[in-house]
Amino acid sequence: MRILLFGSPGVGKGTQAKILSSKLNIPHISTGDILRQAIKDKTKLDKKTQETMNAGELIPDDIMIEIIKDTFFRRGCRNGFILDGFPRTTVQAEELEKLIEELALSNVVVVAITAPEDEIIKRLANRLTCKVCKSIFSKDELENVTVCPKCGAENSFYIRKDDSEEVIKNRINVFNENTKPVLDFYKGKREVIFINGNDSVEKVNEKILEELKMYSVNNN
Ligand code: ADP
Ligand code: ZN
């Protein structure tokens with residue numbers, strides 16, 4: 001199964017991708033995580049990438065396409081993957097289609113998670129991330145907690161620079177302008193499964209797995 005996880009920032013893509021990755025036993029490819037790691041490792045994608053991300057703007061398409069190609073070839077993506085954060089523009093979507101064709105990948109499905117904008121803003125402003133395992137939590141669930149419930153790291157929580165109020169607004173604008181059209185690109189080209197993300201993590205996950213099961217039954 002190859003899942004292209006689509007949705008606005010804060011809709012729960014990262015959280016769901018991690019659960020699906022472990023349940024379905026396929027790699028989770030998060031372009032956001034790859035970029036943040038590259039910045040930490042001080043690769044050539046250093047300062048400018050960091051500034052762009054901190055402002056909530058998009059990294060140029062050519063850089064992102066290189067990253068995806070590199071990741072596809074390096075990581076064991078032959079048996080499936082969950083792509084989280086890519087494609088974010090129609091140019092990226094077109095390039096991904098070429099890559100899918102080149103590698104003759106089958107069973108590609110788009111899972112689009114949706115939620116109302118006010119809910120999304122609330123979640124992003126309330127988000128803490130573990131810098132060790134990259135798990136995502138809300139400030140409420142970590143009140144008086146100092147050890148990461150997922151990986152056991154101590155004092156590893158931080159607020160992403162792009163989770164500030166100003167930048168959140170910009171990220172949503174960027175999503176509406178540049179990323180939303182990607183869904184139109186896929187209409188008629190690929191199966192798109194819509195999931196209401198305005199529910200508990202467990203419920204949303206259940207719904208995704210149910211839909212994926214139906215997709216598998218109908219496509220095998
Ligand atoms: P979120 O989905 O919560 O916005 P991500 O961790 O997926 O967070 O992405 C963080 C930032 O990384 C984006 O705001 C953008 O600057 C950059 N980024 C990630 N993926 C892409 C992409 N495919 N194209 C351009 N920029 C990207
Ligand atoms: Zn952790």
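Counting starts at 1 for both ligands and their atoms, following the listed order. For clarity, every value in this text was computed on a predicted model and none was experimentally measured. These numbers come from the heavy atoms of this one structure, side chains and all, not from hydrogens, waters or symmetry mates.
- In terms of protein heavy-atom proximity, atom 26 (N) of ligand 1 is nearest to Ile59 N, 3.1 Å.
- Within the listing of ligand 1, atoms 5 (P), 6 (O), 9 (O), 19 (C) sit less than 4.0 angstrom from a heavy atom of Gly32.
- Taking 4.0 Å as the cut-off between side-chain N and carboxylate O, Lys47 and Glu51 count as a salt-bridged pair.
- The single protein non-hydrogen atom nearest to atom 21 (C) of ligand 1 is Arg88 CD, 3.4 Å, given as residue, atom name and distance.
- Rounding to the nearest 10°, we obtain 110° for the angle at the Zn ion (ligand 2) between Cys133 SG and Cys151 SG.
- For the pair Asp84 and ligand 1, the shortest N or O to N or O distance does not fall below 3.5 Å.
- If you number the atoms of ligand 1 from 1 as listed, the ones under 4.0 Å from a heavy atom of Glu57 come out as 15 (C), 16 (O).
- The closest non-hydrogen atom to atom 18 (N) of ligand 1, taken over Leu35, Thr31, Leu124, comes from Leu35.
- A side-chain donor-acceptor contact under 3.5 Å links Asn170 to the backbone of Ala55.
- A salt bridge between Glu95 and Lys98 is present, with a side-chain N of the basic residue lying under 4.0 Å from a carboxylate O of the acidic one.
- The closest approach between a heavy atom of Arg127 and any atom of ligand 1 is below 4.0 Å.
- Within the 4.5 Å cutoff, the side chain of Phe185 has heavy atoms near those of the Glu94 side chain.
- With salt bridges taken as basic N to acidic carboxylate O contacts below 4.0 Å, none links Glu211 and Lys207.
- Polar contact with ligand 1: present for Arg160 (N/O pair, distance under 3.5 Å).
- No donor-acceptor pair under 3.5 Å is formed between the side chain of Arg88 and the backbone N or O of Asn178.
- Between Asp163 and Arg127, at least one side-chain N (NZ, or NE/NH1/NH2) sits under 4.0 Å from a carboxylate O, which counts as a salt bridge.
- Not a single donor-acceptor pair under 3.5 Å links the side chain of Glu66 to the backbone N or O of Ile63.
- In this structure, atom 3 (O) of ligand 1 lies nearest to the protein heavy atom Arg171 NH2, 2.9 Å.
- A distance-only check finds a donor-acceptor pair linking the side chain of Lys13 to the backbone of Ser8 [under 3.5 Å].
- Shortest contact from atom 12 (O) of ligand 1 to any protein heavy atom: Met53 CE, 3.2 Å.
- Protein heavy atom nearest atom 6 (O) of ligand 1, with residue, atom name and distance: Arg36 NH2, 2.8 Å.
- For atom 24 (N) of ligand 1, the closest non-hydrogen atom on the protein side is Gln92 NE2, 2.9 Å.
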